[in-house]
Amino acid sequence: MRLTRVAGTGHFLPERVVTNQDLAALMDTSDEWIQERSGIRERRFVDQGVTCSNIGTAAAKVAIAEAGWEPSDIQFIVFATLSPDMYFPGNGVLLQRELELPGVGALDVRNQCTGFVYGLAVADGLVRMGLYNRILLVGAEVQSAGLSMDTAGRDTAVLFGDGAGAVCLEATDDSDRSHIIWHHLHADGRHAEQLCIRHPGSAVKPWLTKDMIDEGTIFPYMNGREVFRHAVKCFPQVIEEALERQGLTNDQVDMVIPHQANQRITEAVRKRLGLPERKVASNIERVGNTTAASIPIALSELVKAGTITRGNLICLAAFGSGFTWGANLLRY
Ligand SMILES: CC(C)(COP(=O)(O)OP(=O)(O)OC[C@H]1O[C@@H](n2cnc3c(N)ncnc32)[C@H](O)[C@@H]1OP(=O)(O)O)[C@@H](O)C(=O)NCCC(=O)NCCS
């Protein structure tokens with residue numbers, strides 16, 4: 001049976017560390033408030049001139065080296081981000097250009113925090129159907145360009161960070177060894193406006209005005225309590241759905257890697273699933289919420305630390321804007 005395996009992982013974090021104290025100098029907030037509500041101590045921001053496709057490419061190069069591939073081995077690219085370099089074209093073609101792969105197909109995924117989980121399902125499907133043998137999947141964000149760094153934007157500005165992660169996916173016919181098992185994807189568009197950037201968007205003509213800038217609708221809007229309420233319900237539901245469908249139980253999972261939305265959400269999910277701390281990945285304290293990049297960054301860090309090893313049963317899960325949520329099960 002034709003399946004897909006993760007051949008290599010990579011991540012890239014910008015050098016510049018931005019602490020909670022740094023943010024408190026820009027807006028009415030405090031280290032204590034941020035840590036207590038989100039578990040975040042610091043995040044990374046890129047310097048001016050460094051783009052989301054640049055850091056996505058940097059993460060991809062690490063994954064390509066770990067897989068033992070050359071860039072020319074890549075047959076298709078999937079790029080998940082909510083912070084592309086330009087409104088269009090998407091970052092897939094920009095990364096393809098940076099890797100010097102003219103002609104290789106590139107797909108952009110717009111599923112925000114769930115982007116990597118959706119992207120993995122799509123890439124796995126393309127490999128399983130025999131269209132490609134080797135796909136590069138990247139999740140990357142430069143959130144720092146699109147946050148309101150003042151008191152008006154403090155509820156979201158303190159949560160998000162920049163970073164990139166990537167995986168190299170290749171075909172395998174050995175279902176006893178490393179392979180992606182299955183995916184569960186959900187969405188509920190009734191909540192689309194609960195976490196969004198409203199403008200620019202083609203619902204209004206022209207799609208960008210001075211009023212929109214003055215009123216701050218070009219920055220993220222988040223109904224934090226609604227996001228929290230749904231996240232703590234949907235995360236455990238979709239993880240248990242994935243495990244049950246495969247006839248697996250919570251205690252058989254070696255590692256759950258939840259999208260790093262907020263440490264309080266991760267803790268609530270961990271408790272609901274009855275898992276020990278060592279089996280639920282958390283790096284939000286150091287990197288903040290990096291949206292589509294958070295799962296591949298955590299996965300790559302855990303592989304490099306030797307915490308995740310070949311044969312481990314891994315569950316990736318995400319919840320975010322849309323609302324969208326989902327889970328992937330894989331044998332690493
Ligand atoms: C955002 C979140 C941390 C806020 O926590 P909360 O306990 O719900 O806090 P509230 O929204 O009730 O705000 C409490 C107060 O803190 C204030 N506040 C908001 N952001 C602040 C900040 N960065 N610093 C200090 N005070 C802040 C609010 O203005 C509010 O003040 P008020 O009571 O005078 O109106 C929480 O709702 C949450 O974790 N939501 C999920 C967010 C998330 O994961 N998003 C990513 C999705 S992928």
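Just follow the structure's listing: the first ligand is 1, and inside any ligand the first atom is 1. Computed from a prediction, not measured in an experiment: that's the story for all the values here.
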* To do: For atom 28 (C) of ligand 1, grab the closest protein heavy atom and report residue, atom and distance to one decimal in Å.
  => R154 NH2, 3.9 Å

* Scan the protein's non-hydrogen atoms and note whether one is under 4.0 Å from atom 47 (C) of ligand 1. => yes

* **Any protein heavy atom < 4.0 Å from atom 32 (P) of ligand 1** => no

* Asked: Can you tell me if C113 has a non-hydrogen atom under 4.0 Å from ligand 1?
  -> yes

* To do: Determine the minimum heavy-atom distance between I135 and A123, stating which atoms define it.
  => CD1-O, 3.6 Å

* Structure fact -> Nearest non-hydrogen protein atom to atom 1 (C) of ligand 1, with distance, is M222 CE, 3.7 Å

* To do: Identify the heavy atoms of T4 and L169 that sit nearest to each other, and give their distance.
  => CG2-CB, 3.8 Å

* Does any N/O atom on G224 come nearer than 3.5 Å to any N/O atom on ligand 1? -> yes

* **Per-atom contacts, ligand 1 versus L195 - under 4.0 Å to a heavy atom** => 47 (C)

* Asked: With backbone taken as N, CA, C and O and side chain as the heavy atoms from C-beta onward, which portion of I34 lies under 4.0 Å from ligand 1: side chain, backbone, both, or neither?
  -> neither

* **Flag side-chain contact, heavy atom, 4.5 Å: S30 against E32** => yes

* **Nearest neighbour of atom 6 (P) of ligand 1 from the list E32, H230, R37, on a heavy-atom basis** => R37

* Under 30°, 30 to 60°, or over 60°: which ring-plane class applies to F319 and H230, parallel, tilted or perpendicular? -> parallel

* Structure fact -> Counting heavy atoms under 4.0 Å, the part of A261 that contacts ligand 1 is both

* Asked: What atoms in ligand 1 come closer than 4.0 Å to a heavy atom of R225?
  -> 8 (O), 12 (O), 37 (O)

* Asked: Are T156 and ligand 1 in contact, using a heavy-atom cut-off of under 4.0 Å?
  -> no

* Sidechain-backbone polar pair: R270 side chain, L275 backbone, donor-acceptor under 3.5 Å -> yes

* Asked: Can you find a non-hydrogen atom of M27 under 4.0 Å from ligand 1?
  -> no

* Who's the nearest protein heavy-atom neighbour of atom 18 (N) of ligand 1, and how far? -> W33 CZ2, 3.4 Å

* **Separation between CD1 of I180 and CG of L3, rounded to the nearest 0.5 Å** => 9.0 Å

* Single hit among N20, N289, D22 for side-chain hydrogen bond (donor to acceptor under 3.5 Å, both in side chains) with R43 -> N20

* Please check atom 15 (C) of ligand 1 for a protein heavy-atom neighbour under 4.0 Å. => no

* Residue N289 vicinity, atoms of ligand 1 by number, heavy atom under 4.0 Å -> 46 (C), 48 (S)

* Residue R128 excluded, over 12 heavy atoms near CZ under 6.0 Å -> yes

* Closest to atom 36 (C) of ligand 1 (judged by heavy-atom distance), picking from R229, R264, E36 -> R264

* **Side-chain (R264) to main-chain (R37) donor-acceptor, under 3.5 angstrom** => yes

* To do: If you have a sec, work out which protein heavy atom is nearest atom 38 (C) of ligand 1 and how many Å separate them, to one decimal?
  => N262 ND2, 3.6 Å

* Structure fact -> for atom 24 (N) of ligand 1, nearest protein heavy atom and its distance come out as T29 OG1, 2.6 Å

* Asked: So how far is it from M255 CE to T307 OG1, rounded to the nearest 0.5 Å?
  -> 6.0 Å

* Please could you name the atoms of ligand 1 that F319 approaches to less than 4.0 Å, counting only its heavy atoms? => 48 (S)

* With heavy atoms only and a cut-off of under 4.0 Å, state how I265 meets ligand 1: side chain, backbone, both or neither. => side chain

* What part of V158, side chain from CB on, backbone N/CA/C/O, both or neither, has a heavy atom under 4.0 Å from ligand 1? -> side chain

* Cation-pi, F76 ring and R134 (6.0 angstrom, 45 degrees) -> no

* Under 4.0 Å to a heavy atom of V227 - the qualifying atoms of ligand 1, by number -> 41 (C), 43 (C), 45 (N), 47 (C)

* To do: Check whether any protein heavy atom sits under 4.0 Å from atom 12 (O) of ligand 1.
  => yes

* Structure fact -> Quick note on ligand 1: atoms under 4.0 Å from a heavy atom of D155 include exactly 20 (N)

* To do: Verify whether the ring centers belonging to Y87 and W207 lie closer than 6.0 Å.
  => yes

* **Sub-4.5 Å side-chain heavy-atom contact between R331 and N312** => no

* **Test item: protein heavy atom less than 4.0 Å from atom 8 (O) of ligand 1** => yes

* From CA spacing to verdict: side chain to side chain contact (heavy atoms under 4.5 Å, CB included), D73, I64 -> CA-CA 9 Å; D73 289 322; I64 292 165; over 6 Å; no

* To do: Report the distance from atom NE2 of H183 to atom CZ of R245, rounding to the nearest 0.5 Å.
  => 13.0 Å

